[in-house]
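Some notes on the structure that comes next.
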Amino acid sequence: MKQSEAVILTLEKLGGVATLGQLNQEVFKIKDCEWKTKTPFASIRRIVQLDKRIFKIKPGLYGLENRR
């Protein structure tokens, strides 16, 4: 599983809307995804900022585009 897919799945589990802090706590509970990076929180932040399936509600709060 790709890291971006893990972030999307975590957002779905959290009801389609989550803060960056909630994502940072919950995304590592997905066992199928490996985070072999020295900066996993920066990777999560990059994914929520650049992925077209995620939109920014306000600073630090993100939602799924299909639940807008």
Side-chain angles (χ1 to χ4, degrees):
M1 174 182 288
K2 292 182 179 178
Q3 294 174 351
S4 60
E5 293 171 353
V7 172
I8 296 289
L9 184 63
T10 303
L11 263 170
E12 287 174 357
K13 283 185 184 177
L14 294 171
V17 176
T19 64
L20 195 55
Q22 289 173 317
L23 288 173
N24 288 340
Q25 288 178 349
E26 299 294 322
V27 77
F28 300 111
K29 295 179 181 176
I30 298 175
K31 299 299 179 195
D32 295 344
C33 183
E34 293 186 24
W35 294 83
K36 292 184 179 180
T37 177
K38 292 183 179 180
T39 57
F41 299 125
S43 297
I44 295 169
R45 190 170 56 244
R46 177 186 50 79
I47 290 167
V48 297
Q49 289 174 350
L50 298 179
D51 197 307
K52 299 292 182 199
R53 298 173 287 181
I54 301 171
F55 73 100
K56 181 168 142 181
I57 298 170
K58 64 180 189 176
L61 184 64
Y62 297 91
L64 287 173
E65 195 65 57
N66 61 4
R67 300 241 183 133
R68 187 184 273 232

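In what follows, residues are counted from 1 in the order of the sequence shown.
- With sequence neighbours excluded, the residues that form a salt bridge (Lys or Arg N to Asp or Glu O under 4.0 Å) with K29 are E26.
- For K36, the side chain to side chain donor-acceptor pair (under 3.5 Å) criterion is met by E34, not counting sequence neighbours.
- The hydrophobic cluster around I57 extends to V17, F55, L61, counting ILVMFWY residues whose side-chain heavy atoms fall within less than 4.5 Å of a member.
- Among pairs with a residue in residues 55-67, those fulfilling salt bridge (charged side-chain N to carboxylate O under 4.0 Å, His left out) read E65-R68, at least two apart in sequence or across chains.
- By the salt bridge (Lys or Arg N to Asp or Glu O under 4.0 Å) test, R53 pairs with D51, sequence neighbours left out.
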Please tabulate, for side-chain N and O atoms in residues 40-49, each donor-acceptor pair with protein atoms closer than 3.5 Å (sequence neighbours left out).
from : atom 1 : to  : atom 2 : distance (Å)
S43  : OG     : T39 : O      : 3.2

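- Under the side chain to side chain donor-acceptor pair (under 3.5 Å) criterion, E5 pairs with no residue at all, not counting sequence neighbours.
- Taking CD of Q22 as the start and CG of L20 as the end, the distance is 10.0 Å to the nearest 0.5 Å.
- To the nearest 0.5 angstrom, I8 atom CD1 is 5.5 Å from L64 atom CG.
- Through direct or relayed side-chain contacts under 4.5 Å between Ile, Leu, Val, Met, Phe, Trp and Tyr, L9 connects to M1, I30.
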